Student: 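Handing you this structure, nothing more for now.
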Amino acid sequence: MSPRQPFVGGNWKMNTDRRSSVHLARAVGDGLPDDASGVQCAIFPPSIHLNAVSETLRETGGGADCVLGAQNFYPEPEGAFTGEISISQLRDLGVGAALVGHSERRHVIGEPEELIARKTTAALESGLLCVLCVGETLEQRESSKTDAVNEAQIRSALEHASASLLDGIIIAYEPVWAIGTGRTASPADAQSAHERIRALLGRMYDASVAESTRIIYGGSVKSANAAELFSQPDIDGGLIGGASLDADEFLAICSAARPRQELQGASS
Ligand code: 13P
């Protein structure tokens, strides 16, 4: 029986306007069951809509169980960092989680490993849930570098993170070639990558960190493939892009992540 609470996050990326972000947050907050069925859900709207979404979630019933997440922040407390947002500014809006190292920030914006490591440490030290994203490109996959890339990205991001901070980490394995493409890693391939990431945490820290850290999958997850992915022993939920912009789809994916013992009970 896994002690890890499943996690499903909706990364809205640079989508929605103020009105549609409020509408989507209301539909998600109202649609979540009161106890969220043991699944921890989070939504990551664009920063400019965090305030509106925060107020909306407070008004909805299930909103209490939905963590508000930020897609980005800058790892300094305050000062001359034009255009950036600090963790305390996010906290002020009720933000409880943040994405770090997303492939679009690594490969499109060009965020370097050193900044990703600083952001990871800052998020963990502040008590935010830190969703650290890793994953290989198609070229790296075709040259059998998946596990080496995941290992290098995780070692670099966690360079300054001691075991005592790791309660707050969630690792999202998101193969770049599966993001927004409609191509999903097969459940067996995703499981194999997750299993190796868990073993790596055991080598970097200890068996208890490895066993308790949540490792979630992202890349073209939808309600039609979520249950099979989430039934793998080392897949503890998902990070959802496109499908999280549809409340019904996102809620169906959240319910596909119910804890394994519940699913086993329901099918026996
Ligand atoms: P898609 O679900 O649209 O493939 O995006 C995945 C992702 O990047 C989540 O962070």
Side-chain angles (χ1 to χ4, degrees), residues 2 4 6-9 11 71 97-121 123-124 129-163 165-181 183-221 225 228-230 232-241:
S2 169
R4 301 182 294 271
F7 179 95
V8 177
N11 175 8
Q71 296 177 22
L99 302 182
V100 176
H102 193 280
S103 83
E104 286 141 22
R105 296 211 62 85
R106 290 178 193 266
H107 301 297
V108 182
I109 315 288
E111 209 164 279
E113 297 270 3
E114 178 270 335
L115 179 57
I116 292 169
R118 281 172 56 211
K119 290 171 77 170
T120 303
T121 312
L124 292 173
L129 264 182
C130 174
V131 182
L132 171 65
C133 307
V134 300
E136 83 285 5
T137 62
L138 185 57
E139 196 187 352
Q140 289 164 333
R141 179 176 194 80
E142 285 172 347
S143 46
S144 306
K145 292 194 181 128
T146 299
D147 298 322
V149 168
N150 288 341
E151 172 159 355
Q153 291 180 351
I154 290 170
R155 282 195 184 276
S156 167
L158 295 180
E159 192 179 348
H160 308 294
S162 61
L165 288 178
L166 288 206
D167 266 3
I169 198 98
I170 294 174
I171 294 182
Y173 168 57
E174 298 205 296
V176 180
W177 51 270
I179 295 179
T181 59
R183 289 183 62 193
T184 318
S186 71
D189 283 351
Q191 163 59 25
S192 157
H194 284 227
E195 195 177 341
R196 283 166 191 264
I197 290 170
R198 200 174 300 291
L200 170 67
L201 293 172
R203 293 197 301 281
M204 290 173 63
Y205 296 95
D206 58 37
S208 127
V209 167
E211 186 50 31
S212 59
T213 299
R214 291 177 286 179
I215 306 174
I216 62 174
Y217 170 81
S220 299
V221 177
N225 59 22
E228 199 185 351
L229 284 160
F230 299 165
Q232 302 299 310
D234 288 294
I235 301 185
D236 304 312
L239 189 57
I240 320 303

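Fair warning: this is a prediction, and the values are worked out from it, not measured in the lab.
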Student: To the nearest 0.5 Å, what is the distance between CZ on Arg214 and CD1 on Ile235?
Tutor: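 Going from CZ on Arg214 over to CD1 on Ile235, the span is 15.5 Å.
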
Student: Quick check: do Ile215 and Arg4 have side-chain heavy atoms less than 4.5 Å from each other?
Tutor: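 In short, these two side chains do not touch, never coming nearer than 4.5 Å.
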
Student: Would you give the length of the straight line joining atom CG of Asp236 to atom NE2 of His194, rounded to the nearest 0.5 angstrom?
Tutor: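 Answer for the CG-NE2 pair, Asp236 versus His194, is 8.0 Å.
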
Student: Please round to the nearest 0.5 Å and tell me the distance separating atom CG of Leu165 and atom NE2 of His160.
Tutor: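 One finds 12.0 Å between CG of Leu165 and NE2 of His160.
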
Student: State, to 0.1 Å, how close Gln232 and Glu228 come at their nearest heavy-atom pair, and which atoms those are.
Tutor: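 That would be NE2-O, 3.4 Å.
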
Student: Carefully, step by step, assess Glu174 and His102 under the rule side chain to side chain contact (heavy atoms under 4.5 Å, CB included).
Tutor: CA-CA 8 Å; Glu174 298 205 296; His102 193 280; 3.2 Å; yes

Student: Tell me the closest heavy-atom pair linking Ser162 and Tyr205, and the distance in Å.
Tutor: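 Heavy atoms only, the tightest pair is C-CE2, 3.9 Å.
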
Student: Is there a donor-acceptor pair closer than 3.5 Å between any side-chain N or O of Asp234 and the backbone N or O of Gln191?
Tutor: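 Looks like no, no N/O pair under 3.5 Å.
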
Student: Determine the minimum heavy-atom distance between Val100 and Cys130, stating which atoms define it.
Tutor: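 Minimum heavy-atom contact is CG2-SG, 3.7 Å.
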
Student: For the backbone of Val176 and the side chain of Thr137, can you confirm whether one donor and one acceptor N or O come within less than 3.5 Å of each other?
Tutor: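 Not a single qualifying donor-acceptor pair exists.
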
Student: Could you check whether any side-chain N or O of Tyr173 sits under 3.5 Å from a backbone N or O of Ile197, counting only pairs where one atom can act as donor and the other as acceptor?
Tutor: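 Absent.
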
Student: Is a donor on one side and an acceptor on the other found under 3.5 Å between the side chain of Arg106 and the backbone of Gly101?
Tutor: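 It does hold such a pair.
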
Student: Considering only heavy atoms from C-beta outward, does the side chain of Leu124 approach that of Leu166 to under 4.5 Å?
Tutor: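 Yes. Closest side-chain heavy atoms under 4.5 Å.
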
Student: Would you check if the side chain of Thr120 reaches a backbone N or O of Ile116 as a donor-acceptor pair within less than 3.5 Å?
Tutor: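 Judged by distance alone, yes, a pair lies under 3.5 Å.
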
Student: Just verifying a value: how many Å separate Ile169 CD1 and Leu132 CG, rounded to the nearest 0.5 Å?
Tutor: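 Reported value, rounded in 0.5 Å steps: 5.0 Å.
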
Student: Please enumerate all residues that pass side chain to side chain donor-acceptor pair (under 3.5 Å) together with Asn150, with sequence neighbours excluded.
Tutor: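 With sequence neighbours excluded, Asn150 shows a side chain to side chain donor-acceptor pair (under 3.5 Å) to no residue whatsoever.
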
Student: Consider only side-chain N and O atoms of Trp177 and Glu136, and report whether a donor and an acceptor are under 3.5 Å apart.
Tutor: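 The criterion, which ignores hydrogens and geometry beyond distance, is satisfied for Glu136 and Trp177.
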
Student: Taking side chain to side chain donor-acceptor pair (under 3.5 Å) as the test, write out the residues that go with Asp147, two or more places apart.
Tutor: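 By the side chain to side chain donor-acceptor pair (under 3.5 Å) rule, Asp147 matches Arg196.
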
Student: Would you say Gln71's side chain and Asn11's backbone share a donor-acceptor pair under 3.5 angstrom?
Tutor: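 A pair under 3.5 Å: no.
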
Student: How close do Thr184 and Gly219 get, heavy atom to heavy atom, and via which atoms?
Tutor: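 For Thr184 versus Gly219, the nearest heavy atoms are CG2-O, 3.5 Å.
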
Student: Might you point out which heavy atoms bring Tyr217 and Ala190 nearest each other, and give the distance in Å?
Tutor: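 Closest approach of Tyr217 to Ala190, heavy atoms only: CD1-CB, 4.0 Å.
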
Student: Determine whether a donor-acceptor pair (N or O, by modelled atom type, separation under 3.5 Å) exists between the side chain of Arg198 and the backbone of Ala210.
Tutor: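 A pair under 3.5 Å: yes.
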
Student: Please report the closest heavy-atom contact between Ala178 and Ser220, naming both atoms and the distance.
Tutor: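 Shortest heavy-atom contact: O-OG, 2.7 Å.
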
Student: Does Thr146 reach the side chain of Asp189, with side-chain heavy atoms less than 4.5 Å apart?
Tutor: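 Thr146 does not reach Asp189 side chain to side chain.
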
Student: Compare all side-chain heavy atoms of Ile179 with those of His107 and state whether any distance is below 4.5 angstrom.
Tutor: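 Ile179 does not reach His107 side chain to side chain.
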
Student: Return the CD to CE distance between Glu159 and Met204, rounded to the nearest 0.5 Å.
Tutor: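 If we round to the nearest 0.5 Å, Glu159:CD and Met204:CE are 9.5 Å apart.
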
Student: Nearest 0.5 Å, please: how far is OG in Ser186 from CG in Leu229?
Tutor: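 Answer rounded to 0.5 Å: 8.5 Å.
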
Student: Side chain to side chain contact (heavy atoms under 4.5 Å, CB included) for Arg183 and Leu138? Distances and angles first, verdict last.
Tutor: CA-CA 11 Å; Arg183 289 183 62 193; Leu138 185 57; 4.0 Å; yes

Student: Please test Leu115 against Arg105 for side chain to side chain contact (heavy atoms under 4.5 Å, CB included), starting from the C-alpha separation and ending with a verdict.
Tutor: CA-CA 11 Å; Leu115 179 57; Arg105 296 211 62 85; over 6 Å; no

